[in-house]
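For reference, the structure is listed below as structure tokens.
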Amino acid sequence: MTLARLAARHGVATEYSPSAGVTVAVPDAAVVAVLGALGVDATTPEAVATALDAVERADRERLLPPTLVRRRDEGPARPPEGLPPGTRLRVTTEEGAVLTGQDWERLPLGVHTVEAQAPDGRAATSTLIVSPARVPGPGRRTYGLLVQLYSLLSTRSWGMGDLGDLRELVTWAGRTHGAGFVQVNPLHAGVPGVPSDPSPYRPSSRRFPDPVHLRIEAVPEYAHVDPGHREGLDRILAEAAELRERVLGKGALIDRDAVWELKRRALEIVVGSVELGPGRRADYHHFLAERGRALEDHATYQALAERHGPHWRGWPEELREPRSAERVVRADPALAARVDFHCRLAWLTDRQLAGAAEAAREAGMEIGIVHDLAVGVHPEGSDAWAQQEAFAVGMSVGAPPDAFNARGQDWGLPPWRPDALAAAGYAPYRGLLRELLRHAGALRIDHVMGLFRLWWVPEGSEPTEGTYVRYDAEAMLAVLALEAHRAGALVIGEDLGTVEPGVREELSRRGVFGTSVLWFERDWAGGGRPVPPEEWRAECVATATTHDLPSTAARLSGDHIALRHRLGLLDGDPAHDRAVDAAETAEWLGLFERLGLLPEGPGDEEAEIRAVHRFLLGTPARMVGVWLPDAVGDRRPQNLPGTWDEYPNWRLPVAGPDGQPLTLERLASSPRAHALLRELHDRTDPEGGSGNARTDPGNARTVPPGARSV
């Protein structure tokens with residue numbers, strides 16, 4: 001019981017409910033290990049008693065918590081409760097203004113500092129976050145495209161899609177088809193080294209984009225490479241063309257490492273041989289000043305990883321900590337030059353991201369580019385090195401056992417320590433959001449439930465031997481609302497899978513959109529029938545599939561069942577599984593026919609895919625997302641959870657029904673794609689569209705837990 005009290009004081013669960021009416025006790029060993037990662041010794045009964053006494057005494061003696069949160073909808077601002085009479089308070093706003101007494105009524109939005117001085121001599125300083133009540137919402141109802149950028153190659157790509165392709169895509173989708181947004185996979189920096197992890201959801205840094213996405217020819221200095229270096233660039237261009245042809249014409253997989261090797265060589269020529277003009281140099285120096293130490297740390301990690309390998313825990317001891325590593329770099333001109341090189345690449349990538357965002361605005365997009373925030377980072381990557389104090393050592397984020405995965409999941413991502421975030425005034429989280437929102441019309445948050453709690457798995461343990469650790473959701477949502485407000489950006493939460501009661505409702509109250517996938521929208525609490533369109537929630541992105549799920553063509557045909565059986569992911573009777581899947585699909589198709597959405601009748605796959613999207617357009621959803629491969633009948637998933645080498649996750653180009661890759665140019669001229677997108681445009685266009693259906697914004701239903709893969 002004492003251990004449970006101690007765990008509760010630190011937000012560590014000692015039991016959890018995988019489903020309604022079921023409670024599972026967490027092993028004591030897991031609770032002790034997680035408390036240890038939070039700096040709390042609970043290894044013996046005596047240690048537990050001592051730790052409990054310490055935390056209770058600290059609470060009694062504390063004047064202020066490390067972080068205070070206020071929302072603009074909470075009425076007049078008042079000083080924190082529980083302060084001794086006579087305590088003097090002073091607020092210094094982020095703009096430098098000093099407020100005292102009744103001035104609290106005038107607290108502006110922002111991140112401020114509160115100082116308290118009690119009559120007994122005690123003093124405290126706290127971070128005060130004043131946030132809007134909600135994140136910004138969309139204007140008119142709109143639709144958009146969902147795509148994994150690396151998978152969309154043009155005739156100019158170097159073996160994978162890049163930011164030049166993104167610029168072309170948003171311009172075409174916005175101007176030709178009236179799309180309001182394009183959502184891409186995380187563009188976070190990957191862990192350096194060969195072979196790299198192809199998953200965009202296990203990055204080295206979430207704060208900075210990966211220069212592998214650069215369109216080299218669009219770098220302004222590229223045009224000014226002198227003839228003496230042009231021959232080297234021409235050879236690289238020839239190799240890039242060959243790499244592209246292998247993917248598009250010869251069935252090769254996307255090879256991110258090969259693409260980066262070519263781009264690195266090209267960038268070294270461009271950066272090393274062309275001096276920046278005065279205006280460009282001024283812009284670069286401004287970028288360095290804006291990004292500050294965070295960028296310097298990231299570039300330092302990149303430079304050290306080139307010399308010592310990406311696994312920083314194996315580096316020489318003086319390099320394992322950023323500030324001591326900084327001294328080493330300053331004394332080594334070669335390392336310092338590489339740090340500047342990687343800073344330059346971050347700047348070039350940022351400017352191309354800005355160009356893509358501007359192209360989306362110029363194309364008339366209501367929202368623009370939707371960027372994706374992965375749930376965590378690689379334990380040996382840049383962020384884990386630069387922000388060691390913020391991460392829980394020896395822990396990994398995952399998921400508990402559920403109906404779809406009896407063994408649970410371990411994603412290999414170290415979690416943030418909630419106590420460290422609070423002590424830092426949520427600075428790591430604030431900085432992360434600010435970077436991602438720089439050029440975003442909206443931000444998608446993978447596993448948005450992690451703002452409330454995360455499943456921690458102790459190192460060396462099975463996922464079943466983990467437990468939930470709670471975060472201060474009020475603070476996390478306040479920071480999110482503040483940064484989204486500053487950027488004028490929407491927020492979309494990926495809320496599929498196991499969601500604890502109340503979470504969807506709270507996200508809805510704060511203006512965070514959810515994600516509703518057609519095949520999961522069934523009345524699970526009743527008879528399991530498909531939810532009719534008018535009962536869907538409005539504050540969501542309604543879509544037919546995601547990067548972790550089968551394409552719509554594969555779902556309709558049953559190909560996804562055959563694939564999972566072939567790879568050993570299903571161990572039941574294949575015929576039975578196919579029959580169950582076919583019955584579920586037929587139930588949806590029957591609903592489409594009754595609603596008049598499938599006048600062609602079942603059997604025509606292209607017509608059925610259009611019917612799926614007609615149904616989505618018949619819901620109140622404010623945003624409708626089209627998985628771009630669905631527009632051309634691609635039958636392959638981009639990622640198959642539960643596989644590694646068995647399936648080419650994250651390495652497939654967009655293809656047609658026959659599996660032959662399609663370039664961006666061919667996709668843009670596809671009659672099939674045009675027919676689908678024309679319907680979406682016509683029915684979301686304010687001149688002739690629907691989208692005025694009524695709904696209860698808080699209408700959130702339970703969806704079945706889905707397997708996820710990082």
Check your understanding: Has Asp658 got more than 12 heavy atoms of other residues, nucleotides or ligands less than 6.0 Å from its CG?
Key -> yes
Practice item. Kindly say whether the aromatic ring centers of Trp627 and His547 come within a distance under 6.0 Å. Key: no
Check your understanding: With ring centroids as reference points, do Trp411 and Tyr201 lie under 6.0 angstrom apart?
Key -> no
Practice item. Measure the spacing between CD of Glu494 and CZ of Arg444 and express it to the nearest 0.5 Å. Key: 5.0 Å
Practice item. Measure up the Phe615 and Phe592 rings against each other and bin them: parallel (under 30°), tilted (30 to 60°), perpendicular (over 60°). Key: tilted
Would you mind reporting whether [Y] and [X] have side-chain heavy atoms less than 4.5 Å apart?
| X | Y | result |
| --- | --- | --- |
| Met160 | Val212 | yes |
| Glu587 | Arg529 | yes |
| Ser516 | Arg537 | yes |
| Phe452 | Leu507 | yes |
| Val469 | Leu454 | no |

Check your understanding: If you look at every heavy atom in Asp495 and Met449, which pair is closest and at what distance?
Key -> CA-SD, 3.5 Å
**Study point:** Listed partners of Tyr647 passing ring pair (Phe, Tyr, Trp, His ring centres under 6.0 Å), at least two apart
**Key:** none
Review point. With distance as the sole criterion, is a donor-acceptor pair present between the side chains of Ser199 and Asn649 under 3.5 Å?
Key: no
Practice item. Establish, yes or no, whether the cationic atom of Arg206 lies under 6.0 Å from the six-membered ring centre of Trp416 and within 45° of the ring axis. Key: yes
Revision key, fill the gap. For Ser551, the side chain to side chain donor-acceptor pair (under 3.5 Å) test, sequence neighbours excluded, returns none
